[in-house]
There are 2 protein chains.
Amino acid sequence: MDKLTDELLDHVAYRFKLLGEPMRLRILSCLKDGEKCVQDLVEETGAGQANVSKHLSLLMNDGVVNRRKDGLHVFYFIEDETIHELCNLVCDSLEKSTENMQQAFKRS
Amino acid sequence: MDKLTDELLDHVAYRFKLLGEPMRLRILSCLKDGEKCVQDLVEETGAGQANVSKHLSLLMNDGVVNRRKDGLHVFYFIEDETIHELCNLVCDSLEKSTENMQQAFKRS
DNA sequence: TTATTAAATAACCAGATAGAAATATTATGG
DNA sequence: CCATAATATTTCTATCTGGTTATTTAATAA
């Protein structure tokens, strides 16, 4: 985070914002183990088709995911693998702070 | 990102959402080198005082920052150091994809 | 006590956006 | 060509939220 230009900072914020919607994170979680077509994602997430498409479109435009067309189906996959690292970092951090909360609760 | 419960996933998303606002990221960037009082942050970011306070409050409640009171001043500092890692990861990733874009542009 | 300063909170508004429904596009098969 | 299935796009609406202004709270000093 050295010498963040305003432009880069805005882009970083936007990337975080993309990851900051539960449904988008759910979609990315579904893509963790490999490509999925839109239908699969609709079923797995329980979201509407238009909704899933829109989220995927946003993720595509920012280079988070990419796609491969095959007949009527469009298979989406994670393009930027750092997503997993990001999620893991946050998960670990949250779990740690939850532990601390519990510890503090025990002590009180 | 293994076995994300819905609850954890929502919390992870919320953490990302917190980082997904340019002004909050700017505030965190200001705190990178150490604690700052609210006034300092107001001056450095150019945002309104109420605004900075509100952002800090959100960041506090989720454990991203913490504070130390000293007389009239309240000094905020980063509590969850993984923030830096997260930002660096995103920065590197974005820079990389920008390079790729430029490469592709040269080839075309 | 009163005045002053720093920070937090409350109330409001305007812009953004997730979701739903309808429509359009694209690809396949008959 | 037409029908169908998968996906994308458009439109609309309800909700959320960042920013501003005004007010309140808290701490210090006179």
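Chain identifiers are assigned alphabetically (A, B, ...) following the order of the sequence lines, protein sequences preceding nucleic acid strands; residue numbering begins at 1 within each chain.
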**Asked** For the atom pair OG1 (B:Thr45) and CG (B:Leu25), what is the distance rounded to the nearest 0.5 Å?
**Response** 12.5 Å

**Prompt:** Can you find a heavy atom in the side chain of A:Leu59 that is under 4.5 Å from one in the side chain of A:Arg24?
**Reply:** yes

**Asked** Would you call A:Arg15 and A:Asp80 a salt bridge, using N to O less than 4.0 angstrom?
**Response** yes

**Fill in**
Here the residues of residues 39-50 of chain A within 4.0 Å heavy-atom distance, strictly under, of DNA chain D are A:Gln39, A:Gln49, A:Ala50

**Prompt:** Looking at CD of B:Glu21 and NE2 of B:His55, how far apart are the two atoms once the value is rounded to the nearest 0.5 Å?
**Reply:** 6.5 Å

**Prompt:** Does a salt bridge link A:Asp10 with B:Arg26, judged by any charged N lying under 4.0 Å from a carboxylate O?
**Reply:** yes

**Fill in**
Closest to the 5' end of DNA chain C, once A:Met23 and B:Lys54 are matched to their nearest nucleotides, is B:Lys54

**Item:** Over 12 foreign heavy atoms within 6.0 Å of CD, A:Glu81
**Value:** yes

**Item:** Name of the residue among B:Leu19, B:Leu86, B:Leu94 meeting side-chain contact (heavy atoms from CB on, under 4.5 Å) with A:Val12
**Value:** B:Leu94

**Message:** What range of DNA chain C does chain A touch, first nucleotide to last, counting atoms under 4.0 Å from its heavy atoms?
**Reply:** C:dT17 to C:dT28

**Prompt:** Looking across every strand, which nucleic acid part, if any, lies under 4.0 Å from B:Phe75 by heavy atom: base, sugar-phosphate, or nothing?
**Reply:** nothing

**Asked** Any donor and acceptor pair, going by atom type alone, linking the side chain of A:Asn88 with main-chain N or O of A:His84 inside 3.5 Å?
**Response** yes

**Prompt:** To the nearest 0.5 Å, what is the distance between CD (B:Glu35) and CG (B:Asp40)?
**Reply:** 10.0 Å

**Item:** Option among A:Asn66, A:Ile27, A:Leu28, A:Val38 that satisfies the side-chain contact (heavy atoms from CB on, under 4.5 Å) test with A:Tyr76
**Value:** A:Val38

**Item:** Leading and trailing nucleotides of DNA chain D with any atom under 4.0 Å from heavy atoms of chain B
**Value:** D:dT17 to D:dT28

